[in-house]
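Just so it is clear, the model here is predicted, and its values are computed rather than measured.
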Amino acid sequence: MSDRQQTPPPTVRLRRLAALLRRLRAEAELTREQVAGLTGINVVTLYRIEKARARPQKRTLAALMEAYGAGEAQRADLLAAQRIADDRSRLRPYGAEPSGAAGTGGSAGSAGFSEGYLAYLGFEAEARTVRAYESMYVPELLQTERYARAVIRGVLPDAGRAEVDERVRVRMERRSLLARADGPRLRAVVDEAAVRRAVGGPEVMREQAEHLVRIAREPGVRVQVIPFGAGAHAGMAGSFVHLDFPDTRDAELVWVDTPAGDVFLDAEEETLRHRSLFDRLRAVALSPGDSAALLAGVGRAE
């Protein structure tokens, strides 16, 4: 057994703080070296903060916010995240405002993305494996542009065209993760109800079904469908995403999007429970080959 002291994995809130700081630096178009010159903060320290390896002191955070030109709301959010960065509580809703379904609420960003949803996008981009279970619609990483637009318009009937366009753009950009050599593997389980629901009309659904069949052939993607014939199953309680990461020091993470807000879980008992749940859902789902046959039939029927 090693005598070295083991550093505990970063909490979800520390990860979130790191993701917010990375995003602010990117928006300010500054390199770490430039930030170091502006603030006097060591480049190594900046790296550790942005990788959630270190919790910034309040004065360090103040200097970074000043360098990045953070607004009042952003400063309040960052300071709140810094205060509770080491908290390992089970339920982790983020943002002062409810986020709504599919990361649709809050007040951050031009499209109204919640800070919790933005944090999730950062976690997703760094994940080794994304295990997504969806019962109501096709998982976001697998949506075509027209299907995504129809879903967003349905979930957000009052959203303006610019907001819908921005949300669709972000969703389409996220699909590029699956083509990256270092991108996450996607394991998706979808209830048949999600692929039968006529979102956007027959042509949109035909295109979406064909896309699912095609992308499921990619080596890093696996798609399985739970058929109606499976009857009641454990996934009927709701959708979720389970993430694990290349660095084994990073705790696994579960994200649940609810009308009351984004919920992040990183307690070991919760991540193990959801991973076990995902395995049970895969077991009751059709095999990838049979799922592809079902999806091909959906495309022809529509």
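For E33, the CD atom counts as densely surrounded, since its 6.0 Å shell holds more than 12 non-hydrogen atoms of other residues, nucleotides or ligands. Within a 6.0 Å radius of CE in M65, other residues, nucleotides and ligands contribute more than 12 heavy atoms. Under a cut-off of 6.0 angstrom, the local environment of CD in E72 is sparse, with at most 12 non-hydrogen atoms contributed by other residues, nucleotides or ligands. No more than 12 heavy atoms of other residues, nucleotides or ligands lie within 6.0 Å of CZ in R59, so this atom counts as exposed by the packing criterion. The neighbour count for E268 CD, taken as heavy atoms of other residues, nucleotides or ligands under 6.0 Å away, does not exceed 12.
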For this session: Report the C-alpha distance between R32 and R25 in whole Å, list the side-chain angles of each, state the deciding distance to 0.1 Å, and finish with yes or no for side-chain contact (heavy atoms from CB on, under 4.5 Å).
Result: CA-CA 8 Å; R32 289 195 187 102; R25 181 169 65 80; 3.8 Å; yes
Exercise. Given the rule in the side-chain contact (heavy atoms from CB on, under 4.5 Å) test, do R128 and F245 qualify, once you have shown the distances and angles that lead to the verdict?
Worked result: CA-CA 5 Å; R128 177 181 61 182; F245 301 90; 5.5 Å; no
Exercise. Yes or no on ring pair (Phe, Tyr, Trp, His ring centres under 6.0 Å) for F278 and H242, after CA distance, side-chain angles and deciding distance?
Worked result: CA-CA 8 Å; F278 190 81; H242 176 283; 7.8 Å; no
Exercise. L294 and E192: side-chain contact (heavy atoms from CB on, under 4.5 Å), yes or no, with the steps?
Worked result: CA-CA 9 Å; L294 183 148; E192 186 174 352; 4.0 Å; yes
For this session: Before giving the answer on side-chain contact (heavy atoms from CB on, under 4.5 Å), spell out for E252 and L243 the whole-Å C-alpha distance, their side-chain angles and the decisive distance to 0.1 Å.
Result: CA-CA 6 Å; E252 296 177 1; L243 307 174; over 6 Å; no
For this session: Start with the C-alpha distance between S276 and R280, add both sets of side-chain angles, then the distance that settles side-chain hydrogen bond (donor to acceptor under 3.5 Å, both in side chains), and finish with yes or no.
Result: CA-CA 6 Å; S276 176; R280 287 199 296 273; 3.1 Å; yes
For this session: Determine, step by step, whether S239 and E134 satisfy the side-chain hydrogen bond (donor to acceptor under 3.5 Å, both in side chains) criterion, reporting the C-alpha distance in whole Å, the side-chain angles of both residues, the deciding distance to 0.1 Å, and the verdict.
Result: CA-CA 5 Å; S239 304; E134 284 289 354; 3.0 Å; yes
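Contact of the I41 side chain with the V35 side chain is not registered, since no non-hydrogen atoms from C-beta on lie closer than 4.5 Å. Between F240 and H274 the shortest side-chain heavy-atom distance falls below 4.5 Å. With a 4.5 Å cut-off on side-chain heavy atoms, D165 and R149 count as touching. Between D262 and W255 there is a side-chain heavy-atom pair separated by less than 4.5 Å. Between L295 and V225 the shortest side-chain heavy-atom distance falls below 4.5 Å. Contact check for V254 versus D266: no side-chain heavy atoms found under the 4.5 Å cut-off. Counting heavy atoms from C-beta outward, I49 and T60 have side chains that approach closer than 4.5 Å. Contact check for D279 versus R282: side-chain heavy atoms found under the 4.5 Å cut-off.
Ion pairing between K51 and E126 fails under the 4.0 Å rule for side-chain N and carboxylate O. Salt-bridge annotation for E27 and R23: present, with a side-chain N of the basic residue lying under 4.0 Å from a carboxylate O of the acidic one. Checked for salt-bridge contact, E203 and R206 miss the test: no charged N lies under 4.0 Å from a carboxylate O. Salt bridge R171/E145: absent, no basic N to carboxylate O contact under 4.0 Å.
In this structure, the side-chain contact (heavy atoms from CB on, under 4.5 Å) partners of T129, at least two apart in sequence or on a different chain, are R131, R185, R187, D244. Evaluation of the side-chain contact (heavy atoms from CB on, under 4.5 Å) rule for A62 yields no partner, not counting sequence neighbours. In this structure E124 satisfies the salt bridge (Lys or Arg N to Asp or Glu O under 4.0 Å) test together with R174, sequence neighbours excluded. Annotation: side-chain contact (heavy atoms from CB on, under 4.5 Å) contacts of E207 (sequence neighbours excluded): T144, R146. Under the side-chain contact (heavy atoms from CB on, under 4.5 Å) criterion, E66 pairs with R75, sequence neighbours left out.
No side-chain donor-acceptor contact under 3.5 Å links Q208 to the backbone of V199. In this structure, the side chain of R48 does not engage the main chain of R55 through any donor-acceptor pair within 3.5 Å. Distance alone, capped at 3.5 Å, places no donor-acceptor pair between the E50 side chain and the R22 backbone. Side-chain N or O atoms of Y137 include none that pairs as donor or acceptor with a backbone N or O of V151 at under 3.5 Å. Under a 3.5 Å cut-off, the side chain of Q224 and the backbone N or O of V189 do not form any donor-acceptor pair.
M205 CE to L212 CG: the interatomic distance, rounded to the nearest 0.5 Å, is 8.5 Å. We find the CG-CG distance between L186 and L142 to be 5.0 Å, quoted to the nearest 0.5 Å. Taken from CG in L253 to OG1 in T271, the straight-line distance is 9.0 Å, to the nearest 0.5 Å. The structure places CG of L64 at 11.0 Å from CD of Q82, a figure rounded to the nearest 0.5 Å.
The two residues L61 and L21 come nearest to each other via the heavy atoms CD1-CD2, 3.8 Å. The heavy-atom pair separating P184 from L177 by the smallest distance is CD-O, 3.8 Å. Here the shortest heavy-atom pairing between A52 and L14 reads O-CD2, 3.5 Å. A pairwise comparison of heavy atoms in E163 and L156 identifies OE2-CD1, 3.9 Å as the closest pair. Taking all atoms of both residues into account, the shortest heavy-atom contact from L46 to A36 is CD1-N, 3.9 Å. Closest non-hydrogen pair, A194 versus Y147, comes out as O-OH, 4.0 Å.
Using cut-offs of 30° and 60° for the angle between ring planes, the H233 and Y133 rings count as perpendicular.
Tracing side-chain contacts under 4.5 Å through hydrophobic residues (I, L, V, M, F, W, Y), one never reaches M236 starting from V284; they form parts of separate clusters. Linking ILVMFWY side-chain heavy atoms closer than 4.5 Å, directly or via other members, places M172 and I215 in a single hydrophobic cluster. Linking ILVMFWY side-chain heavy atoms closer than 4.5 Å, directly or via other members, places Y68 and Y47 in two distinct hydrophobic clusters.
Among pairs with a residue in residues 34-43, none fulfils salt bridge (Lys or Arg N to Asp or Glu O under 4.0 Å), at least two apart in sequence or across chains.
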